[in-house]
Structure formats: C-alpha cells, structure tokens
Amino acid sequence: MSERPLDTAEPHAGDDRVDSATEAFLAHRNLLFTVAYEMLGSAADAEDVLQETWLRWVGVDLDSVRDQRAYLVRITTRQALTRLRTLRRRKESYVGSWLPEPLLTAPDVAEDVELADSVSMAMLLVLETLTPTERAVFVLRDVFDLDYDEIAAAVDKSQAAVRQIAHRARAHVAARRPRGVASAAQTREALAAFQRAVETGDLRHLLDVLAPDVVLLGDGGGVKQAVLRPIVGADKVARLLAAGLDRFAAVASLEPSHVNGHPALILRLDGELDTVIAVRIDDGLVSGLYAVRNPEKLSRFGRETVVSR
C-alpha cells in the first residue's frame, strides 16, 4: 500500500522520543490500519484515523506504556469509534446501497482464513448491522484476540460489560455468516465459471453457478449508475448481468483479482477501471455480488493494501 506520510513536522526531528514513537508506530501500522478499516469499511477514513492516532501517540510517555501494541490499538479504536458515528450519519443520506471501499489485496491474505473472512465484503456488511461499540468489541476480540481488559480500556466499558457485548455481537454475527465455507479450489472454480457465463451472456450457465437466493448489491454513490436496491434471486440477477454486459460487450473486459482477501472480478471499459465486483461463494455457488462503481471508493484501488493481525 502506498502509505500517507506521517506528519512529523511539529515534534523536533532530532528528538529520540519521537524517533522511538515513530519506530513503534510503523511496526504496528498495518495492524492499526486493519483495525480501523474493519471498524469503518473505508480505507480513506482508516488512513485519517491513523493520522489522528499518530498525533496522539507521539505525545505519550513511552516509559509508562507496558504494551505498545495494545496502547496503539486502544488509541486507534477510540478514534475509529468517533469517526464511525459520523459515518453513520453520512450513510443515512447515501444514494442507493452503501458498500465498503474495496481493497486490492495480495493472494496470500487468503491463507489466513480468519483474517480474510474478517475483511471480506460479506463480513463487513454484517458488521454494519452492529452498534459501534459491538463492532469494536467483536473486531478486537474475535479478529485480533485482544484481552478483555484491553478492550474494556479501548471502549471505556467494564470487563463484565465487554464480555456481555462480545457474546451478543458474536451471536449476531454467527447468525449471518456464510452458510458453507468454500475451499480455495471451489472458490476459484466457481469464480471462473461465473466469469465465463457472464462474458458469454449464457443465461443457463449463469443460473447454474448462481445460488437460488443470490443477492446483487450495487454502489454508485449517486455518481455512477448502479442498482439502487438489492436484486434478489438467480433469475433476476442473471438477466440483469447478461443484459448489462451485452450493452458494453465491445469495450468491456473482466479480469480476476483479489479483493478484501478473496477472489473477485474487475470490470474495465475501454481499459479503464469501472467496477470492482466482490463475490461471496457458499457451497460452491455465487451467493453474493457486491459491485462498487463509486469513483471515490475506487480512487486508490490500484495500490495493493497490506492487512494484518
């Protein structure tokens, strides 16, 4: 990922304390970004949170910090919670469906199954249904395995309250997880079959690879044309896809990629990035399609993003 440079102009460049703070921050930067992104679903906002985290971290007395990783995660979580509440108000006036900002990720992210699952489009949309505090607690406990006392300090709750929140959030997420986890081979096979069916406009083959209750969501942000409401059902989704690509057949191309830790498709028109299509696969069938066209959310897609735990 092309990182935004840290703003270190205010502290003195020769200050050893600042140098130590910078070293610690950079050592955990990818982790902090991943925490912020999983809470916000926006890379741009996650980067802003990291800037705010740095400005607070550089003023901390490092000698008083027992666990630098936990302390940095605490700052990041608090800043992300503040921004998350602002984002929720912004989403209320969003045109059409809101989808997370897609991340171009390396194929090896999928090797960490839990991490890949946690940053997937499907999971981020499930996290959207949690309250801000539930989301923070779930991410910190179930994804990053922080101790309850560290989470309690991050969300300003008692350990007992955090345990209850974690239990409630975990049950909520479990009820909405993918029905059947597909192997990497199944996923590649299903995605390749889906790509061939879309490119040929073959309705029968499309119907063969789509789950009966498949859902298509589109995000144009009010700038690009996209479906304003979820399209549900294999027949409706297949016909929409076949008709849509047929209109642009002469200039359209689909290419496989890795988005948010999972295989995905990139649609280009005349060679220019037009749509990122994240795909959810359950039991070998395509059960979810998340088509992001909003130019603002695609502006940094050409840069690979490093996510980590």
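In this chain, numbering begins with 1 at the start of the sequence shown. Not measured: the values here are computed from a predicted model.
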Applying side-chain contact (heavy atoms from CB on, under 4.5 Å) to Glu128 and Lys91, what does each step give before you reach the verdict?
CA-CA 11 Å; Glu128 282 292 310; Lys91 290 171 189 173; 2.9 Å; yes
OG1/Thr86 to CG/Asp45 distance, rounded to the nearest 0.5 angstrom?
9.0 Å
What distance do Asp67 atom CG and Leu72 atom CG have between them, rounded to the nearest 0.5 Å?
9.0 Å
Distance from Ile151 atom CD1 to Thr133 atom OG1, nearest 0.5 Å?
12.0 Å
Could you tell me whether the side chain of Arg168 reaches within less than 4.5 Å of the side chain of Ile165, counting heavy atoms only?
yes
When you group the ILVMFWY residues by side-chain heavy-atom contacts below 4.5 Å and let the links chain together, are Leu285 and Phe194 in the same group?
no
Residue pair Gly288 / Val214: nearest heavy atoms and the distance that separates them:
N-CG2, 4.0 Å
Any carboxylate oxygen within less than 4.0 angstrom of a Lys/Arg side-chain nitrogen, looking at Glu47 and Arg29?
yes
Going by distance alone, is a donor N or O of one side chain under 3.5 Å from an acceptor N or O of the other, for Asn260 and Tyr290?
no
Test log, rule side-chain contact (heavy atoms from CB on, under 4.5 Å), inputs Leu241 and Leu289
CA-CA 11 Å; Leu241 291 173; Leu289 292 165; 3.9 Å; yes
Checking the side chain of Tyr37 only, and the main-chain atoms of Glu101 only, is there a donor and an acceptor separated by less than 3.5 Å?
yes
Looking at side-chain heavy atoms only, is the closest gap between Leu240 and Val227 below 4.5 Å?
yes
Over 12 non-hydrogen atoms of neighbours within 6.0 angstrom of CG in Asp156:
no
Begin from the C-alpha positions of Leu104 and His258 and carry the test side-chain contact (heavy atoms from CB on, under 4.5 Å) through to its verdict.
CA-CA 6 Å; Leu104 179 65; His258 278 80; 5.6 Å; no
Going by salt bridge (charged side-chain N to carboxylate O under 4.0 Å, His left out), name the pairs with one or both residues in residues 257-268, residues two or more places apart or in two chains.
Glu255-Arg268
For a 4.5 angstrom cut-off between non-hydrogen side-chain atoms, does Val95 reach Leu228?
yes
Evaluate the criterion side chain to side chain donor-acceptor pair (under 3.5 Å) for residue pair Gln79 and Thr53; output intermediate values, then yes/no.
CA-CA 7 Å; Gln79 298 306 311; Thr53 297; over 6 Å; no
Taking the six-membered ring for Trp and the single ring otherwise, decide whether the centroids of Trp57 and Phe25 are under 6.0 Å apart.
no
So which heavy atom on Tyr148 is nearest to which on Ala166, and how close?
CE2-CB, 4.1 Å
When rounded to the nearest 0.5 angstrom, what distance separates NE2 in His172 from OG1 in Thr131?
9.5 Å
Treating Thr82 as the side-chain partner and Arg78 as the backbone partner, does any N or O pair qualify as donor plus acceptor under 3.5 Å?
yes
Residue Gln68 excluded, over 12 heavy atoms near CD under 6.0 Å:
yes
For Leu62 versus Ala21, what's the shortest heavy-atom pair and its separation?
CD1-N, 3.7 Å
Could you tell me whether the side chain of Phe144 reaches within less than 4.5 Å of the side chain of Glu38, counting heavy atoms only?
yes
Do the side chain of His262 and the main chain of Val279 share a donor and acceptor less than 3.5 angstrom apart?
no
Determine, using the 4.5 Å side-chain heavy-atom cutoff (strictly less than), whether Leu217 and Leu265 are members of one ILVMFWY cluster.
no
Identify the two heavy atoms, one from Val209 and one from Ala190, that lie closest to each other, and give their separation to 0.1 Å.
CG2-O, 3.6 Å
For Leu146, is there any backbone N or O sitting under 3.5 Å from a side-chain donor or acceptor partner on Arg141?
yes
When you group the ILVMFWY residues by side-chain heavy-atom contacts below 4.5 Å and let the links chain together, are Leu99 and Val307 in the same group?
no
Any non-hydrogen side-chain atom of Leu81 less than 4.5 Å from a side-chain atom of Thr77?
yes
If you group Ile, Leu, Val, Met, Phe, Trp and Tyr by side-chain heavy-atom gaps below 4.5 Å, do Leu50 and Leu103 land in one group?
yes
For the backbone of Leu115 and the side chain of Asp112, can you confirm whether one donor and one acceptor N or O come within less than 3.5 Å of each other?
yes
So, Gln195 versus Glu199: side-chain donor-acceptor pair below 3.5 Å or not?
yes
Would you say Val109 and Val306 make side-chain contact, with heavy atoms under 4.5 Å?
no
Minimum side-chain heavy-atom gap Val198-Leu254 below 4.5 Å
yes
If you define the side chain from C-beta out and look only at heavy atoms, does anything of Thr34 sit under 4.5 Å from Val119?
yes
Gap separating the CZ atom of Arg280 from the CE atom of Met123, nearest 0.5 angstrom
9.0 Å
NZ on Lys224 to CG on Asp219, rounded to 0.5 Å:
12.0 Å
Heavy-atom pair with the smallest gap, counting every atom of Ala291 and Thr275
CB-CG2, 3.8 Å
For Gln225, does the CD atom sit with more than 12 other heavy atoms under 6.0 Å from it, leaving out its own atoms?
no
Report the C-alpha separation of Asp274 and Arg293 in whole Å, then their side-chain angles, then the decisive distance to 0.1 Å, and conclude whether the side-chain contact (heavy atoms from CB on, under 4.5 Å) test is met.
CA-CA 6 Å; Asp274 181 83; Arg293 299 195 72 208; 2.7 Å; yes
Any donor-acceptor pair under 3.5 Å linking the side chain of Asp147 with the backbone of Asp149?
no
Say whether Leu273 and Leu267 are linked into one hydrophobic cluster, either directly or through other cluster members, by side-chain heavy-atom distances under 4.5 angstrom.
no
Within the 3.5 Å criterion, strictly below it, is a donor on Thr200 or His205 matched to an acceptor on the partner's side chain?
no
Strictly by modelled atom types, are Ser308 and Asn30 linked by a side-chain donor-acceptor pair under 3.5 Å?
no
Within a reach of under 6.0 Å around CZ of Phe301, are more than 12 heavy atoms found that belong to other residues, nucleotides or ligands?
yes
Are Arg135 and Phe138 in a cation-pi contact, defined as NZ or CZ under 6.0 Å from the six-membered ring centre and within 45° of the axis?
no
Over all atoms of both residues, closest heavy-atom pair of Leu269 and Ala252
CD2-CB, 3.7 Å
